[in-house]
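Here the structure comes first, spelled out in structure tokens, and everything after it is commentary.
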Amino acid sequence: MIRKTDFYIDGKWVAPAAPHDLPVINPADEQPFAVISLGGKADVDRAVAAARAAFEPWAATPLAERITLVERLLAIYNRRAPEMAKAISLEMGAPIDFALSEQAGAGTWHIEGFLEALKAFDFEHETATEGERVLREPIGVCGLITPWNWPMNQVTLKVVPAVAVGCTVILKPSEIAPISSMLFAEMMDEAGFPKGVFNLVNGDGAGVGEAMSGHPDIDMISFTGSTRAGRAITRNAAETIKRVTLELGGKSPNLIFADADLPKAVRRSVVHCMENTGQSCNAPTRMLVERKVYDQVVTLAAEAAKSVAVGDPAQGGEHIGPLVSELQFNKVRDLIEAGIREGARLVAGGPGRPAGFNRGYFAQPTVFADVNNEMRIAREEIFGPVLAIIPFDSEDDGVKIANDTPYGLAAYLSTGDDEKASRVARRLRAGMIHVNGKSLGRGSPFGGYKQSGCGREGGHFGIEDFLEVKTVSGV
């Protein structure tokens, strides 16, 4: 049993103010493999005080020195990537090969992207007015709250740009998947960041999250998680008028037109939907299909889903693993059952575990056809390996259905017509549009419209979120 009950505050590992042990569950066997402690207000106060004391000297540190520390962190992170992958696999169920290449690999990808952006970023420039310049300066002490589904993706998207521009931070990782972040804290320590620049306090939303979002000495909160929690954080932060950036939920549409390469488009879409066991905010979970090829696409999607293997995350291979927790398992099962009750046609999968599994939070890759956009499975973020297929009759109809959602994180479309692709992409109300399977580049802005959040992460845009703008005239 791994025991990691201390917090990282002011450059050292310290015991919590009041012990509150919490087991960390391996979702593949439903057994605890580690123990952490949940923190509270006293722990947050201590971490904030350390971050506040460190802020001015760290902000005054030359950018070149901060970049050197980030480069050192990158080297340590890459050397310890296998450890990171194992931690992520144990805590949230990602298959070990996927955990190494994609989950841990996301950290490398983002750190490299920020280093490129930092070296080209304009922190100061003169305006057209004589004697006037605009400065971009670190906002201050930042509270960073990260989720369980892509731990290092989100930790590096927040911690690295914040400390690189001169902010100091308090990280609260998800209490469901905290071990990877504690390993990251070890890496920050090994890299030699000054005490107080990076701090970590474990805890839940009601304890540490609430204390952070309302804390008068925290200047900014960056949160990734559910839209429900994002609303609560925004309300709590309003009292102190701190900056809040949010990366929240999604119900991403995926338009497949009749002129697309259907076998390729459908296979790609189903695999992407099921990846990470469907636990990705930008997953293409609503497949909108032009009616003239609807029946063909339903058949292709069902076949693709049935070919998605489910397996032990400790084993190598291209399978998917379990859902992260019993709570998530029950939520996904209940929504699959709701889809059946509401009249959607089940063409692959269903509620309950796949054949051969009698324990672990494993779910079947599931596809529904004949869905309409008013059904719960079309409206709610399921966060499981569940795809809803909806027909549309025309380009206008497809765009209307795609945009008929409170979310706006990502959207996908497949067509053989470049003009149509450009036209439709501009009409979709989402922060990231993927045409014919094209992924985002390193450093591209990640974020969404509407209730999918505010702010952007990654590269130049992710750096800007942690900066204040100051105009100086007359010098």
Side-chain angles (χ1 to χ4, degrees), residues 22-34 36 87-96 98-99 103 146-151 173-180 204-205 224-229 249-251 270-283 285 305-306 308-315 317 319-342 344 346-368 375-388:
L22 178 77
V24 183
I25 305 299
N26 179 343
D29 61 14
E30 306 179 41
Q31 298 300 308
F33 75 94
I36 63 166
I88 292 171
S89 183
L90 284 169
E91 68 190 4
M92 60 76 63
I96 189 63
F98 184 83
Q103 287 277 5
T146 57
W148 49 259
N149 62 320
W150 284 90
S174 168
E175 69 277 17
I176 296 173
I179 304 303
S180 56
D204 58 18
T224 298
S226 71
T227 299
R228 175 193 55 78
K251 195 68 182 177
V270 171
V271 169
H272 191 181
C273 178
M274 306 298 171
E275 181 184 81
N276 208 41
T277 319
Q279 298 169 130
S280 299
C281 52
N282 61 340
T285 53
K306 290 171 184 175
V308 175
V310 180
D312 183 350
Q315 301 298 315
H319 52 281
I320 63 172
L323 296 162
V324 74
S325 66
E326 181 180 15
L327 180 67
Q328 192 64 22
F329 178 83
N330 290 337
K331 175 190 174 186
V332 171
R333 179 201 61 203
D334 292 349
L335 280 164
I336 292 173
E337 291 176 346
I340 295 170
R341 285 195 307 272
E342 292 183 353
L346 187 66
V347 297
R353 294 179 177 87
F357 291 89
N358 58 11
R359 66 172 182 171
Y361 305 123
F362 295 92
Q364 300 181 62
T366 297
V367 177
F368 283 102
M375 292 180 179
R376 288 183 64 195
I377 56 173
R379 306 300 298 178
E380 298 181 26
E381 186 177 38
I382 300 173
F383 236 53
V386 182
L387 174 66

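For reference, positions follow the sequence shown, starting with 1.
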For S180 and P151, work out which heavy atoms get closest and say how close.
OG-CB, 3.4 Å
Are the side chain of Q279 and the backbone of Q328 linked by a donor-acceptor contact shorter than 3.5 Å?
no
Rounded to the nearest 0.5 Å, what separation is found between the CE atom of M92 and the CG atom of L323?
9.5 Å
Looking at I320 and P365, what are the two nearest heavy atoms and their distance?
CD1-CG, 4.1 Å
Which is it for R376 and L335 under the side-chain contact (heavy atoms from CB on, under 4.5 Å) test, yes or no, and what are the steps along the way?
CA-CA 7 Å; R376 288 183 64 195; L335 280 164; 3.4 Å; yes
Where do P313 and G93 come nearest, in terms of heavy atoms and distance?
CB-O, 3.4 Å
Going from CG on L327 to CD1 on I176, what distance comes out if it is rounded to the nearest 0.5 angstrom?
7.0 Å
Close side-chain approach of E175 to D204, heavy-atom, < 4.5 Å
yes
N276 side chain to G278 main-chain N or O, any donor-acceptor pair under 3.5 Å?
no
Determine whether I96 and Q315 make a side-chain contact, defined as any pair of heavy atoms from C-beta on separated by less than 4.5 Å.
no
Apply side-chain contact (heavy atoms from CB on, under 4.5 Å) to T224 and T146, showing your working.
CA-CA 5 Å; T224 298; T146 57; 5.7 Å; no
From H272 NE2 over to S280 OG, what is the distance, rounded to the nearest 0.5 angstrom?
6.5 Å
Shortest non-hydrogen separation from P32 to P23 and the atoms involved
CB-CB, 3.9 Å
In Å, rounded to the nearest 0.5 Å, how long is the span from CD1 of I382 to CZ of F368?
7.5 Å
Within this structure, what is the OG1-CD distance for the pair T227 and E381, rounded to the nearest 0.5 Å?
6.5 Å
Would you say the side chain of P385 lies within less than 4.5 Å of the side chain of Q364, judging by non-hydrogen atoms?
no
Between Q103 and A94, which heavy-atom pair has the shortest distance, and what is it?
CG-CB, 4.1 Å
Exam field: side chain T366 to backbone G350, donor-acceptor pair closer than 3.5 Å:
yes
Check: K251 side chain, E380 main-chain N or O, donor-acceptor pair, under 3.5 Å
yes
As an exercise, state the distance from CD1 of I25 to CG of L90, rounded to the nearest 0.5 Å.
12.0 Å
Fit a plane to each ring of F383 and W148, take the angle between them on a 0 to 90° scale, and name the class: parallel (under 30°), tilted (30 to 60°) or perpendicular (over 60°).
perpendicular
May I ask you to test the T285-V386 pair for a side-chain heavy-atom distance under 4.5 Å?
no
So does E30 pair up with R353, basic N to acidic O under 4.0 Å?
yes
V367 vs M274 side-chain heavy atoms within contact, under 4.5 Å:
yes
Any side-chain heavy-atom pair of V324 and N149 under 4.5 Å:
no
I'd like to know whether the aromatic ring centres of F98 and W150 sit less than 6.0 Å apart in this structure.
yes
If you take all heavy atoms of A34 and I179, which pair is closest and at what distance?
CB-CD1, 3.9 Å
